[in-house]
Amino acid sequence: MEALSFLMQGLSVAMDPMLLLYALIGVTLGTAVGVLPGIGPALTVALLLPVTYGHDPAGSLIMFAGIYYGGMYGGSTTSILLNTPGESASIITALEGNKMARAGRGGPALATAAIGSFIAGLIATLALAFLAPYVVKVALAFGPRDYFALMCLAFITVSSAFGDSARKGLISLFIGLALALVGIDQLTGQARLSFGVPQLLDGIEVTTLAVAMFALGEAFFVAGNRATGDDQVIAVKGSVWMTANDWARSWKAWLRGTVIGFPIGALPAGGAEIGTFLSYAAEKRLTKHPEEFGNGAIEGVAGPEAANNASAAGTLVPLLTLGLPTSATAAIMLAGFQQFGLQPGPLLFVTNPQLVWGLIASLLIANVMLLILNLPLIGLWVRLLTIPKPWLYAGIMVFATLGTIGANPSPVELTMLLIFGLMGYLMRVHGYPIAPVVVGLILGPMAEQQLRRALSIAQGDVFTLVGSPLSATLLAFSVLALVVPMVLRMRGKGQMLSQLAAEED
Amino acid sequence: MSGYNPSQRRPDGAALAMAGLLAALGGVILWDAARLHEIGGYSGVGPGDVARWIGYALLGLAIWSGIAAFRETPVRPPRQDVVSVLWVAGGLAAQILLLKTAGFAIATGLLFAFTARGFGKRNLALTIPVGIIFALVVYLVFAGLLKLTLPAGPLEHLFLGK
Amino acid sequence: MKHTLFAGMMAAAFALPAYANDYMIMAPASPGGGWDQTARTMQEVLQADGISTSVQVQNVPGAGGTVGLAQFVSQNAGKGDQLIVGGFVMVGAILTNASPVSLADVTPIARLTGEYEAIVVPTSSDIQDINGLVEKLKADPGAVSWAGGSAGGTDHIAVGLIAKAAGVDPTKINYIAYSGGGEALAAILGSQVTAGVSGLGEFKAQADAGALRILAVTSEERIPGVDAPTLKESGLDVVLQNWRMVAAAPGISDEQKAAISADIEKMVNSDAWKTALETKGWANTYLAGDAFKAQLDADIASTSAVLKDIGLVK
């Protein structure tokens, strides 16, 4: 139990009042910047990293951990309250969370997100501490064919987020897949659908599309519906806290989200959003309240938010054990570690145990701090919805564009933002779901590249795709996920469900 | 759904328009895929192949959408206040055009004011200064304190002294 | 009254004097990457050592640096205070993207840093040395899958050069492109591919930990601290350095060029620069003037030849 004693040692160091203050400053800053619509965790951490310069290593590290978790958490607030996710991992949160907020249940939605993030962060950080060396072995065993099978599973299960009309859902998905073609094909270096515009060669940024379709599309939509007054939002109805029923429905979703999110975050080519997709799909399948999905089901917030944070901790597995940054946020974290003389890599756990355990202790403390900070603030955040709409949406537009301007101030990028914003608006008006477009843009290139890599390694042999136990199992699950609902539908159960859903329109 | 009489059935214009757009998009993708070199190497699946699958799927969806336009009861979209939407979109366009020359604060201030206009605050003489001051504060926080590179214009130079 | 005041403010703001040795450095990549770090290190050192009073860094990401390069060339002709950071990757990107501007359109100042490529296999592989790999490649090129960075990048070029030197048809190589070093490294460690090619720095820690075996490096001479032969001594005539450079605007006068070159030389010789390189693990491969120009031309020629051989450029 050497590990445990290192952890206790790390925790005791971190309990110093001065360091606790650093932790508090870190989570406050992280949440404050992360909460702005259009500014995701990667940008938050990149912006705030320099703030940690110049303190002693322990203080910097702990403040840094606070910023990281604070930034990850902050995104869910605007996602829920304003339907404007700052990054792709909180898109799914917006689906149910914003419906809850519109019905005056923003408080419970924020609470389940905060507590779910806390629990997932806690479990996943402990898993990182004790399981990292084993998890990373499994992660490395994932080859291109296994990723391809995982993408198939994600595609099929995510279709449950497509809403009532299969036609409209598929159209949205394929628009996303078409957009994913834009840019240089990574495997052969050829440009597709770029029409000689150099700025298109790098493809369409997921964040640009997500911010445009959600934040801008939402602003256009609310503006367009102003006259009809259909869009009344109730800030608070009932308690701002979670009821006993909310708790009963949330806790399993938190645990399931953690179990799904952590390993996917640990995969070198995973990505936090896939965990949220799968968690949402799982909750939708398992819920006892299917009629609430699409109208504000609390499980649909609890699961994906937990998955999101668990995979944030999962990303640290390859980072700490192999020195592999597997996401934009992780890449910036790597820079952060290096700043403290911490060179992540295979030998880190052996050569520098104090620092590793200090970091893990910092993450645990930041996580607790985040909960303490955010639960009391929920009442305040919900008041955001009482800001008069002209000022509220004007502010949203400023921050939504700020994220894009800060990352790449090119007129082409901003024009894309405008075009996709209008596209998101028109799709909303005509009842096409938005999330599948972003899902297509994220999963499409991954599926294509992994398929082609797998076939290339096997020199064109198609049977390689079911050639590993992992890929065969995942593909079998995909087939089940596709066939079972069809059978159920044929037996009439599905029809009843879709009728129920259709009446909501 | 209320107030719509299914006996006077006309094709659903929105679904037809979507069918047209999808067909056009699919066509462009197929055309673009045709000019790619097939250097799929050992995989047997080249860059054009996946594009072609998506192109054909889009054509299929276009046909489906076209059929649905005639057979399904159209869901009438809520009436839209187009002028408001155009104000917000215009604000974004103004920001894009002015960003390089006028700098972040002025361009974003206009976006702020035009958005507020789209949401019913008509008094631009009030909202433009408010927007510019708000954007300038955002600029000073993000560019000044957090070192985010944002396009600077005369106002920004004045406040950051460079 | 208000208007005149405002106009006065505008005029004052526009009429800012530009100091002779102010610099604007363009990093044609996103914040955080190698070129961006190079630009920001230059900024730090130039200012800290008082070589320049004010240095700014501008990021223009996109398409292997060609988006930034095009903007740099079109907006800065004749300006003596504009610099751009670039590297070997740009040479390939200009060719594969059929970029309208090339490195011939800027004024190269100096090569600053560089890194050599390493060829590795997982420790569990039955391939013991570079000759073993080459034999496999000769027997069945398709059966040897190489993981590395994006198509047409330095890693891909290295594989093409190795195949060519070994007498194997470069179009027959089975190169698996990954985005960034991390994903490729994971594929190599997981034995998903036969071998891997990337910058030595990507592999060093894993090799030290005993997870990877370095078969060869692409340097001219053996690298201290790395237990691997060069390709050259293994009988493959391949030397490849993934360098980073700094260039100035097109159409500047000889005096302007001399002034910039002097400033850069001062920077490279400063202690701050040496310390920065050491902490970042970058090798100092400073090369300026005509020697650099000649090296650049040679690299462009060999890269375009190998990209044609691989079939990426027609």
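Here is the naming used below: chain letters follow the sequence lines, and residue numbers restart at 1 for every chain.
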Point-to-point distance, once rounded to the nearest 0.5 Å, from [atom1] of [X] to [atom2] of [Y]:
X: A:Met427; Y: B:Met18; atom1: CE; atom2: CE; value: 5.5 Å
X: B:Leu92; Y: A:Leu414; atom1: CG; atom2: CG; value: 8.0 Å
X: B:Ile54; Y: A:Leu177; atom1: CD1; atom2: CG; value: 5.0 Å
X: A:Leu36; Y: B:Phe142; atom1: CG; atom2: CZ; value: 5.0 Å
X: A:Leu170; Y: B:Leu61; atom1: CG; atom2: CG; value: 6.0 Å
X: B:Asp81; Y: A:Phe220; atom1: CG; atom2: CZ; value: 13.5 Å

- Task: Name the option with the most non-hydrogen atom pairs under 4.5 Å to chain B; the candidates are A:Val33, A:Leu426, A:Leu402.
- Result: A:Leu402

Please look at [X] and chain B and tell me whether the side chain, the backbone, both or neither of the residue comes under 4.5 angstrom of a heavy atom of that chain.
X: A:Leu181; answer: side chain
X: A:Ile457; answer: neither
X: A:Ala180; answer: neither
X: A:Leu216; answer: side chain

- Task: Begin with the C-alpha distance, continue with both residues' side-chain angles, and end with the deciding distance and a verdict on side-chain contact (heavy atoms from CB on, under 4.5 Å) for A:Phe195 and B:Val28.
- Result: CA-CA 11 Å; A:Phe195 314 107; B:Val28 169; 3.8 Å; yes

Identify the heavy atoms of [X] and [Y] that sit nearest to each other, and give their distance.
X: B:Ala116; Y: A:Ala394; value: N-CB, 4.3 Å
X: A:Ala191; Y: B:Arg35; value: O-NH2, 2.9 Å
X: B:Val88; Y: A:Met397; value: CG1-CE, 3.6 Å
X: A:Asp185; Y: B:Pro47; value: OD2-CB, 3.4 Å
X: B:Gly118; Y: A:Ala223; value: O-CB, 4.3 Å

Check: [Y] and [X] side chains under 4.5 Å, non-hydrogen atoms:
X: A:Leu455; Y: B:Tyr42; result: no
X: B:Asp49; Y: A:Arg452; result: no
X: A:Leu193; Y: B:Trp31; result: no
X: A:Phe174; Y: B:Leu25; result: no

- Mind checking ring pair (Phe, Tyr, Trp, His ring centres under 6.0 Å) for B:Trp87 and listing every partner two or more places apart, or none if nothing turns up?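 Checked B:Trp87 against ring pair (Phe, Tyr, Trp, His ring centres under 6.0 Å); matches are B:Phe114.
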
Part of [X] within contact of chain A (heavy atom distance under 4.5 Å):
X: B:Ala89; value: both
X: B:Val83; value: neither
X: B:Phe112; value: both
X: B:Leu22; value: side chain

- Task: Could you check B:Ile29 against A:Arg192 for side-chain contact (heavy atoms from CB on, under 4.5 Å), going step by step and ending with a plain yes or no?
- Result: CA-CA 9 Å; B:Ile29 289 176; A:Arg192 295 191 292 200; over 6 Å; no

- Task: Please report the C-alpha distance between B:Val85 and A:Phe221 in whole Å, then the side-chain angles of each, then the deciding distance to 0.1 Å, and finally whether the side-chain contact (heavy atoms from CB on, under 4.5 Å) criterion is met.
- Result: CA-CA 8 Å; B:Val85 175; A:Phe221 190 66; over 6 Å; no

With respect to chain A, which residue among [options] yields the maximal number of heavy-atom pairs within a distance under 4.5 Å?
options: B:Leu58, B:Asp32, B:Leu150; value: B:Asp32
options: B:Ser65, B:Pro151, B:Ala14; value: B:Ser65
options: B:Gly109, B:Gly91, B:Ala51; value: B:Ala51

- Task: Begin from the C-alpha positions of B:Phe119 and A:Val222 and carry the test side-chain contact (heavy atoms from CB on, under 4.5 Å) through to its verdict.
- Result: CA-CA 8 Å; B:Phe119 281 86; A:Val222 177; 3.6 Å; yes

- Plane angle bin for A:Phe399 and B:Phe134 - parallel if under 30°, tilted between 30 and 60°, otherwise perpendicular: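 The arrangement is perpendicular - the two ring planes meet at more than 60°.
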
- Kindly state each residue pair satisfying side chain to side chain donor-acceptor pair (under 3.5 Å) with at least one member in residues 414-433 of chain A, sequence neighbours excluded.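 The answer is A:Glu218-A:Arg428, A:Tyr425-B:Gln80.
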
